[in-house]
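Please read the structure below before turning to the comments.
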Amino acid sequence: MSASETVEIAIVGAGVVGLATALRLAAEGREVLLIDPNEPGSGASFGNAGTIAEYACMPVGNPAVLRALPKLLLDPDSPFSLRWPALLQLAPWLIQFVRQSLPAATRANALALAGLLADALPAWEEMVTEAGLEDLLRRNGCLYLYRRESDFAAGAGGRAMRAGFGVHQEILTPNEVAALEPGLPASGTRGLYFPDSTNVTDPKTLMQRLLGAATARGVSVKRADITGLQVETGAVRLSGPGFGIKAGTVVIAAGARSRALAAQAGDNVPLETERGYHLEFRTEALLLTRPVCPVDLGFYMTPMAGRLRIAGTVELGGLAAPPNPRRLALLDRGVRQFFPKLGSPSSEWLGFRPSLPDSRPVIGPSHGSPRVIHAFGHGHLGLTLAPITARLVAELIGGRGDPARLAPFAAGRFGR
């Protein structure tokens, strides 16, 4: 494909946000080219915990995390850690993260996320119908476990805030937890149940189905690494090794690799990388019937097709370093507190989440040109928010966008 060729809309990034956006735009009759150097849906969209978490309006940064931050960062086995060689690079992000963890900022960030999450499930239902995903979803909720009273007390602010936003949540007694998940060991653990949550039984298959639905609608796919973005009169030029194209509109949905392209479009976005891990264990029978999150351990145990996936925790540290074996060992030790007879893991994985200090994604036009649309930075909520992000992007491109709706997610909120 030569640099003289043109396309109506080019989407940079073929994770779940890019795939959902491509499908939505193609369904509206748009000409769409999806560009990614890797197999579509093979990054964090494949390796996540598989939860469609419409309840997850609490930002990562909040007063409870702020109070515990020194201990969390100094303990290499905590659910929130960083690679110390990357500290200098991470320092500006961490400063902003601390500011966004103060009470007023936390509430503003939670309010913005709650507004977006309120439409997450309806948008998912539309995409399920469009792409034929019904058999890959389980609609039976998500369970948080509080094994220590101190953790339950620390979560009071989050429970109150979610209740204020109308999130459906139920506090469970130890007996109710045992009845809901009889496969868990008896421990007198309290629970917090989100009955409306849905989980995915096979993220890889779901990504393949989305890709198939998009290409059936006429979406073209190109394996290429986009390193250059230049706004020109009437178009945006994209370029990379051995590749170039002009697009009438460009959507940046490249996840953790979006920062450099956003900067070329005129936006200084403090995007950093959370390194996410998972282990999988083959199981003959379901050990759990829904995703279960032990709050003190900071990961999800999600039943998937023929296996149990253990996914989560936060490790700040960039894209280049190899997997940290301590993080994988942490997941392994943690899950064996519940299922000590598990065999060896059948697979392990490291991927990259795009993380912003305020936990809000960036959705909306670039400061440099309305021909560049941002759709990245979803952190732990990429799977959950992909369809509603796709809807907002399609509305914006179609001239139906609501500036007030998008204001909390504008790239300009970080300054320029």
Side-chain angles (χ1 to χ4, degrees), residues 13-24 39-56 116-117 119-144 181 193-214 253 255 276-283 285-293 299-313 331 335 346-349 351-354 361 378-391:
V16 66
V17 174
L19 287 166
T21 303
L23 178 58
R24 182 86 187 199
E39 179 185 352
S42 61
S45 301
F46 153 75
N48 55 60
T51 58
I52 300 171
E54 89 300 333
Y55 57 85
L116 203 56
L117 287 163
D119 292 326
L121 289 181
W124 254 99
E125 292 299 334
E126 291 180 26
M127 194 168 77
V128 164
T129 300
E130 177 70 31
L133 306 176
E134 181 67 35
D135 61 309
L136 298 175
L137 302 180
R138 288 196 188 108
R139 295 174 173 83
N140 59 351
C142 175
L143 176 64
Y144 278 17
E181 287 295 345
Y193 179 46
F194 302 100
D196 297 334
S197 177
T198 297
N199 71 281
V200 176
T201 61
D202 194 326
K204 182 177 182 180
T205 300
L206 187 141
M207 297 307 135
Q208 292 171 339
R209 294 260 190 97
L210 282 177
L211 177 62
Y277 294 83
H278 84 221
L279 293 176
E280 288 191 339
F281 298 84
R282 292 292 176 189
T283 57
L286 284 178
L287 300 176
L288 299 168
T289 57
R290 57 184 51 77
V292 174
C293 173
F299 60 65
Y300 281 81
M301 303 182 289
T302 303
M304 294 188 176
R307 62 202 191 276
L308 181 69
R309 177 176 289 185
I310 316 303
T313 75
L331 296 178
V335 69
S346 57
S347 65
E348 59 185 44
W349 174 87
F352 307 106
R353 303 188 196 104
H378 294 75
H380 298 247
L381 295 173
L383 184 67
T384 302
L385 294 176
I388 186 58
T389 299
R391 181 193 295 175

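Both backbone and side-chain heavy atoms feed into the values below; hydrogens, waters and symmetry mates do not.
Under the rule for a salt bridge (charged side-chain N to carboxylate O under 4.0 Å, His left out), Asp196 has no partner lying at least two apart in sequence or in another chain. Under the rule for a side chain to side chain contact (heavy atoms under 4.5 Å, CB included), the partners of Thr384 that lie at least two apart in sequence or sit in another chain are Ile52, Ala53, Leu117, Ala120, Leu381. By the side chain to side chain donor-acceptor pair (under 3.5 Å) test, Thr201 is found to be paired with no residue, residues two or more places apart in sequence or in another chain being considered. Residues satisfying the side chain to side chain donor-acceptor pair (under 3.5 Å) criterion with Thr21, sequence neighbours excluded, are absent altogether. Under the salt bridge (charged side-chain N to carboxylate O under 4.0 Å, His left out) criterion, Arg139 pairs with Glu125, Glu134, sequence neighbours left out. Contacts of Thr313 classified as side chain to side chain donor-acceptor pair (under 3.5 Å), with partners at least two apart in sequence or in another chain: Arg327. With sequence neighbours excluded, the residues forming a side chain to side chain donor-acceptor pair (under 3.5 Å) with Tyr277 are Arg275, Glu315, listed by chain and number. Scored by the side chain to side chain contact (heavy atoms under 4.5 Å, CB included) test, Glu280 finds His278, Met304, Arg307, Arg309, Ser346, Ser347 as partners (sequence neighbours excluded). For the ring-ring contact (aromatic ring centres under 6.0 Å, His included) test, residues two or more places apart in sequence or in another chain that qualify with Tyr55 are Tyr144, Phe194. For Ala123, the side chain to side chain contact (heavy atoms under 4.5 Å, CB included) partners are Pro387, Ile388, Arg391, not counting sequence neighbours. For Asn140, the side chain to side chain contact (heavy atoms under 4.5 Å, CB included) partners at least two apart in sequence or on another chain are Arg138, Asn199, Thr289, Arg290.
Annotation: side chain of Val335 is in contact with side chain of Leu308 (closest heavy-atom distance under 4.5 Å). Residues Val200 and Leu383 form a side-chain contact, since some pair of their non-hydrogen atoms from C-beta on lies under 4.5 Å apart. Inter-residue side-chain proximity for Asn48 and Arg353 is flagged as unmet; no heavy-atom pair is nearer than 4.5 Å.
Not one N or O on the side chain of Ser45 forms a donor-acceptor pair closer than 3.5 Å with the backbone of Gly15. Of the possible donor and acceptor atoms, none in the side chain of Thr198 sits under 3.5 Å from a partner among the backbone N and O of Leu137.
Considering all non-hydrogen atoms of both residues, Ser42 and Glu39 come closest at OG-O, 2.6 Å. Listed here is the closest heavy atom pair of Pro354 and Gly255: CB-C, 3.4 Å. Considering every non-hydrogen atom in both Leu116 and Pro361, the closest pair reads CD2-CG, 4.0 Å. The two residues Ala131 and Leu210 have their closest heavy-atom pair at CB-CD2, 3.9 Å. Here the closest heavy-atom approach between residue Tyr300 and residue Cys142 is recorded as CE2-SG, 3.6 Å.
For residues 203-212, the set of pairs meeting the salt bridge (charged side-chain N to carboxylate O under 4.0 Å, His left out) definition, not counting sequence neighbours, comprises Asp135-Arg209.
Note that the CH2 atom of Trp124 and the OG1 atom of Thr129 stand 11.5 Å from one another [nearest 0.5 Å]. Here the CG atom belonging to Leu385 is positioned 5.5 Å from the NE2 atom belonging to His378, to the nearest 0.5 angstrom.
Residue Glu348 places its CD atom among 12 or fewer non-hydrogen atoms of other residues, nucleotides or ligands, all under 6.0 Å distant.
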Verdict with supporting geometry, Glu130 and Arg24, salt bridge (charged side-chain N to carboxylate O under 4.0 Å, His left out): CA-CA 9 Å; Glu130 177 70 31; Arg24 182 86 187 199; over 6 Å; no
